[in-house]
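Comments concern the structure below.
Everything numeric here is computed off the predicted structure, so don't read it as measured data. Chain A is the first sequence line, chain B the second, and so forth, proteins listed ahead of strands; every chain is numbered from 1.
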Amino acid sequence: MKYDFSAIEKKWQQRWDEDRSFAATDDYTKPKYYALVEFPYPSGQGLHVGHPRSYTALDIVARKRRMQGYNVLYPMGWDAFGLPAENYAIKNHVHPAEFTRKNIAHFKAQLRSLGLSFDWEREINTTDPEYYKWTQWIFLQLFKKGLAYKKEMSVNWCTSCKCVLANEEVVEGVCERCHSPVVRRDKSQWMLKITEYAQRLIDDLDGLDYIERVKIQQKNWIGRSTGAEVTFGSTAGEDIVVFTTRPDTLFGATYMVLSPEHELVKKWMPLLRNQEEVKAYQQAAAAKSDLERTELNKDKTGVRLDGVRGINPVNGTEIPIFISDYVLATYGTGAIMAVPAHDERDWEFARKFHLPIIEVVKGGNVQEAAFTDCATGVMVNSGMLDGLTVEEAKEKIIAWLSENGKGQPKVNYKLRDWVFSRQRYWGEPIPMVWCDKCGWQPLPESELPLLLPEVESYEPTDDGESPLSKITDWVNTTCPHCGGPAKRETDTMPQWAGSSWYFLRYCDPHNDKALASKEALDYWAPVDWYNGGMEHTTLHLLYSRFWHKFLYDIGVVNTPEPYAKRTSHGMILGENGEKMSKSRGNVVNPDDIIRDYGADTMRLYEMFIGDFEKTAPWSPKSIKGCKRFLDRVWSLLDKMTPEEEYSPELESAFHKLIKKVGEDVENLKFNTAIAAMMTVLNQIDEKGSVTKGELRTFITLLNPFAPHLTEEMNQQMGGETLLARAAWPQYDPEKCVAQTVEMVVQICGKIKARITVAADAGQEEVTAIAKEDPAVKAALEGKQVLKEIFVPGKLLNIVAK
RNA sequence: GCCGCUGUGGCGAAACCGGCAGACGCAAGAGACUUAAAAUCUCUCGGAGGCAACUCCGUACGGGUUCAAGUCCCGUCAGCGGCACCA
């Protein structure tokens, strides 16, 4: 009989549906397993062949866990707020919800055709008011705990989206989404205090089973550095506080630099003799986009504040003060002490402006280049620090500064607070009301969800306000506190909001009393295994860890971390090794592959394509190999004999296969698991027949990879229950070991013979057999044996002269 | 510049703790079946030499440690990803 994949796949998808085969149960007495993949943004292009790589991998894990007796939660949903739907709406004058609804239907049909074992009864959608009610609820809790605040600040402004971006969304000075230039603008924004969690976000990584590069990338992004704050005096009277990681070099400070935006510049303006020059520099700096600032970073610019001088607290020396955009307003205190002898940037600036360079750590030639090595130098020209190592000097000067009220130890982070407002329509409305009398007031929880109102036009206004600001009926409301006239916040939340807690909603998706019941959360959290893309490491992953920690702090969840294990898959590239894109014309549509080869072949190929964690180019020819394999598996039905046992020839091979496939799945080595199954198939074909017991084991192991084909074969073999419910096969470790092994005999490291010996043969026995071998005999002829190295079961190396 | 990863046949890749390099698959070549093609099956398949058994070379490059190195150490080069004036 022919392997009719389309009929078989349709049949079993329907059967699983009717049977509710993959529904997670709410029986909290069973051991649970929560497998999670990142829910997609339902774009108009439909499913990309990259999506199933992640989904199939964890589908295999989920299916295996079910067979191992776990109550498995493997859910799917839609991260459906976002710009593409809104841009489509602007262009075509349709509601973004309409466009989104269609896309979801398309995505869902595509995912179903892959036979993924999602529990569709728990499907969620971030744009559903029943869902975003709880996104808004979390925001209110953040506000109540002082972690959400509104602030007038300089923000990243995308000139095309007419919208504020988070730092994380600006890539090389352009908008991550539309690649338009990003400029700085002052705007009043809702902010979330993720910085308050910076240290915990670093510390708690230690106990987690994340792949190392994810941990490293998160730590780098948070960017912890330790040093000191030092208070300098000034001839104008005000103190200038600077942050430095090298307080030991304090005696080498020959000038100071403030960021152009620093408030002291404004204050001192009347005292300055070169006001015009200073103002011009400030304006030029503000007008620069991030990209321009980056491009110009080789050539230092700046202006001296002529009329004010700084005073070094350690020796009273007066030094000049500059403004320069190489000092960032948003990091540390926005001001630095410059030590050109021991900092490359300061050195460059000092050279350009002819400022003195004073060596305070011996070891380099500071007239040639900055000497930045902390490990070897000894302090000089530094009064009380002379003769100390850098580390000793740091300690001593910090103690001195603290005693004299001139400074203290300080830790800084590169991580900044999360800009949480977007001037767009298609997002969750921020449930806040502005009252001239009472200030910002949270909406009462009973009024949630605050629905997204209907609007005429989805475009942001030219002055950068949200389209919601045009609906006066909606904007004008009453103050929840005093009842007086008030206005609603018209900004919406960023796309990251809904995805920062979605994994919790799956635990209890239809609850209207809470984001999920306490019992459900206590049972299901944390996610046991979360797989997703590296591109989400510093955005989604960090944001959701932050929200989860907050929810832990207020008692909603009982685990401090959302995900116990995090892995990452490599991207699938086009056939030419480039990223798949419409413009390159190398896009592969999964529907075509499923139509021509079937979902099982598609799944198998995506897992066989290469190392799961690495990028892999798509190869249409290689797909055929996977189809051929499944064809050959199917034809085993004709070669089956009725015995329930393993045949003596293949018994050991099957025990090894069970072990191998099981371990490989746990270690993301799907490609070698498949290769092992192919090898055993080759052995069966060579032998010419397969016992019923062998075939049952084989299709059970293959089931998570190719679920439709194996279910059909199971039924044809007389299986009455679903293979998806079968028990995962067991192996006997003793039977994994072969009776005899082939060992290599080397003379001086060169292979001379291969001998077959009992697996447990000792050195003497093996040596005796080896020396009988003609080739070994010949090689040892007339030589004296110096040494014998014996590795049981592997090799014998005889060193002779 | 800094951090991280990678470099193995014509191609995708294997190789646990240092122990037979190239499993498995693709492509290619030869043959069988066929009127023919497709499909399927059998064999060959890193390079050089030899009729052959076999020998030598070979995991980006240059050194080193070791009985033994794709694997460990030092240095160099190339590619990919992330960050990028963070004081």
Side-chain angles (χ1 to χ4, degrees), chain A residues 171-173 211-221 223-225 227 242-247 249 257 259 290 293-294 296-300 324-328 330-339 342-346 348-349 372 412-416 534-535 537-538 570-571 577 604-605 608-611 613-626 628-629 631-632 635 660 663 667 669 671-682 685 742-751 753-754 775 786-800:
Chain A
V171 176
E172 284 174 11
I211 49 173
E212 203 52 34
R213 56 197 169 119
V214 168
K215 287 190 183 182
I216 291 168
Q217 216 168 295
Q218 288 219 349
K219 281 184 194 165
N220 287 348
W221 186 264
R224 179 191 154 101
S225 60
V242 303
F243 172 72
T244 177
T245 55
R246 295 293 303 274
T249 62
V257 188
S259 68
D290 281 9
R293 281 200 180 195
T294 311
L296 295 173
N297 78 23
K298 287 282 177 286
D299 193 22
K300 298 270 183 293
S324 171
D325 63 4
Y326 88 86
V327 172
L328 306 172
T330 46
Y331 183 75
T333 62
I336 62 158
M337 66 175 201
V339 184
H342 305 289
D343 181 281
E344 280 170 31
R345 297 150 302 184
D346 297 345
E348 241 177 77
F349 190 88
T372 56
N412 258 317
Y413 302 91
K414 287 188 209 172
L415 185 70
R416 294 175 214 164
M534 274 312 278
E535 70 275 21
T537 303
T538 50
M571 216 190 325
L604 200 73
Y605 173 64
F608 190 60
I609 194 166
D611 186 329
E613 302 194 61
K614 286 192 202 147
T615 55
W618 187 262
S619 163
K621 280 179 180 166
S622 298
I623 298 166
K624 286 187 187 152
C626 291
R628 242 173 247 166
F629 170 68
D631 283 337
R632 288 173 60 206
S635 68
K660 172 93 178 140
E663 288 174 357
N667 296 316
K669 302 270 181 199
N671 51 339
T672 51
I674 294 167
M677 290 190 268
M678 288 173 167
T679 305
V680 169
L681 177 64
N682 289 343
D685 272 356
E742 191 183 65
M743 283 185 60
V744 170
V745 182
Q746 298 180 334
I747 307 298
C748 297
K750 301 249 181 218
I751 298 161
R754 292 164 211 277
L786 299 177
K787 201 172 174 185
E788 282 172 11
I789 291 111
F790 179 71
V791 183
K794 291 244 159 91
L795 92 171
L796 174 72
N797 187 9
I798 302 173
V799 185

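Of the listed nucleotides (B:U6, B:A87, B:G19), B:A87 has the atom at the smallest distance from the side chain of A:Phe243. For A:Lys621, the listed nucleotide lying nearest its side chain is B:C26; candidates were B:G12, B:C26, B:C85. When distances run from any side-chain atom of A:Arg632 to the nucleotides B:C41, B:C24, B:A27, the shortest one goes to B:C41. Distances from the side chain of A:Thr244 to the nucleotides B:A15, B:U6, B:A87 place B:A87 closest. Closest to the A:Tyr331 side chain, of the nucleotides B:A14, B:C3, B:A87, is B:A87. Side-chain proximity of A:Arg213 to the nucleotides B:G25, B:G4, B:C67 is greatest for B:G4.
Base orientation of B:G9: syn, since the glycosidic angle falls within 90° of 0. More than 90° away from 0 lies the glycosidic angle of B:C43, which makes this nucleotide anti.
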Point to revise | Trace of the side-chain contact (heavy atoms from CB on, under 4.5 Å) decision for A:Lys660 with A:Thr672 | key: CA-CA 9 Å; A:Lys660 172 93 178 140; A:Thr672 51; 4.0 Å; yes
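As judged by a 4.0 angstrom heavy-atom cut-off over every strand, A:Lys794 is placed among the base-contacting residues. Among the protein residues, A:Asn671 comes within range of the sugar-phosphate backbone only, with heavy atoms under 4.0 Å from sugar or phosphate atoms but none that close to a base. Counting any heavy atom pair closer than 4.0 Å across all strands shown, A:Gln746 reaches a base atom. Residue contacts shown for A:Thr679 are limited to sugar-phosphate atoms, with no base heavy atom under 4.0 Å away. Heavy atoms of A:Ile336 sit under 4.0 angstrom from at least one base atom. Across all strands, A:Asp611 comes closer than 4.0 Å only to sugar-phosphate atoms, never to a base (heavy-atom distances). As judged by a 4.0 angstrom heavy-atom cut-off over every strand, A:Asn220 is placed among residues touching the sugar-phosphate backbone only. Contacts of A:Ile216 with the nucleic acid, taken as non-hydrogen atoms under 4.0 Å apart, involve only primed sugar atoms and P, OP1 or OP2. Residue contacts for A:Asn682: at a heavy-atom cut-off of 4.0 Å it reaches the sugar-phosphate backbone alone, with no base atom in range. Note on A:Ser225: only backbone sugar-phosphate atoms sit closer than 4.0 angstrom, heavy atoms only; bases stay farther off.
Taking the C1' atom of each, B:C5 and B:G19 are spaced 27 Å apart, rounded to whole Å. Spacing of P atoms, B:C54 relative to B:A39, comes out at 37 Å, to the nearest Å. The P atoms of B:C33 and B:A37 are separated by 12 Å, rounded to the nearest whole Å. One C1' atom belongs to B:A68, the other to B:G50, and the distance between them is 29 Å to the nearest Å.
Taking the nucleotide of RNA chain B with the nearest heavy atom to each of A:Ile751 and A:Met534, the more 5' of the two is matched to A:Ile751. Between A:Lys414 and A:Glu344, the residue anchored nearer the 5' end of RNA chain B, judged by the nucleotide with its closest heavy atom, is A:Glu344.
OP1 or OP2 of B:U40 lies within a sub-4.0 Å distance of a side-chain N or O belonging to A:Arg628.
For B:C26, the base has no donor-acceptor partner in the side chain of A:Lys624 [N/O atoms by modelled type, under 3.5 angstrom].
Listed by chain and residue number, A:Tyr255, A:Phe322, A:Tyr326, A:Phe353 satisfy the ring pair (Phe, Tyr, Trp, His ring centres under 6.0 Å) test with A:Phe349 (two or more places apart in sequence, or in another chain). Residues satisfying the side chain to side chain donor-acceptor pair (under 3.5 Å) criterion with A:Ser225, sequence neighbours excluded, are A:Tyr331. For A:Glu344, there are no side chain to side chain donor-acceptor pair (under 3.5 Å) partners two or more places apart in sequence or in a different chain. Applying the ring pair (Phe, Tyr, Trp, His ring centres under 6.0 Å) test to A:Phe608 and every residue at least two apart in sequence or in another chain returns nothing. For A:Lys794, the side chain to side chain contact (heavy atoms under 4.5 Å, CB included) partners at least two apart in sequence or on another chain are A:Val791.
Between A:Arg213 and A:Glu613 there is a salt bridge, with a side-chain nitrogen of the basic residue lying less than 4.0 Å from a carboxylate oxygen of the acidic one.
Nearest approach of A:Arg632 to A:Asn682, heavy atoms of both residues: NH2-OD1, 2.8 Å.
Annotation: A:Trp221 is not in aromatic contact with A:Tyr413 [ring centroid separation under 6.0 Å not met].
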Review point. Reading RNA chain B 5' to 3', what string of ( ), [ ], | and . shows its pairs, if Watson-Crick and G-U wobble pairs count only when both distances fall under 3.5 Å?
Key: (((((((..(((......[....))).(((((.......))))).((((....))))..(((((..]....))))))))))))....
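To the nearest angstrom, P of B:A87 lies 8 Å from CG of A:Asn412. Distance CH2 (A:Trp618) to P (B:A13): 14 Å, rounded to an integer number of Å.
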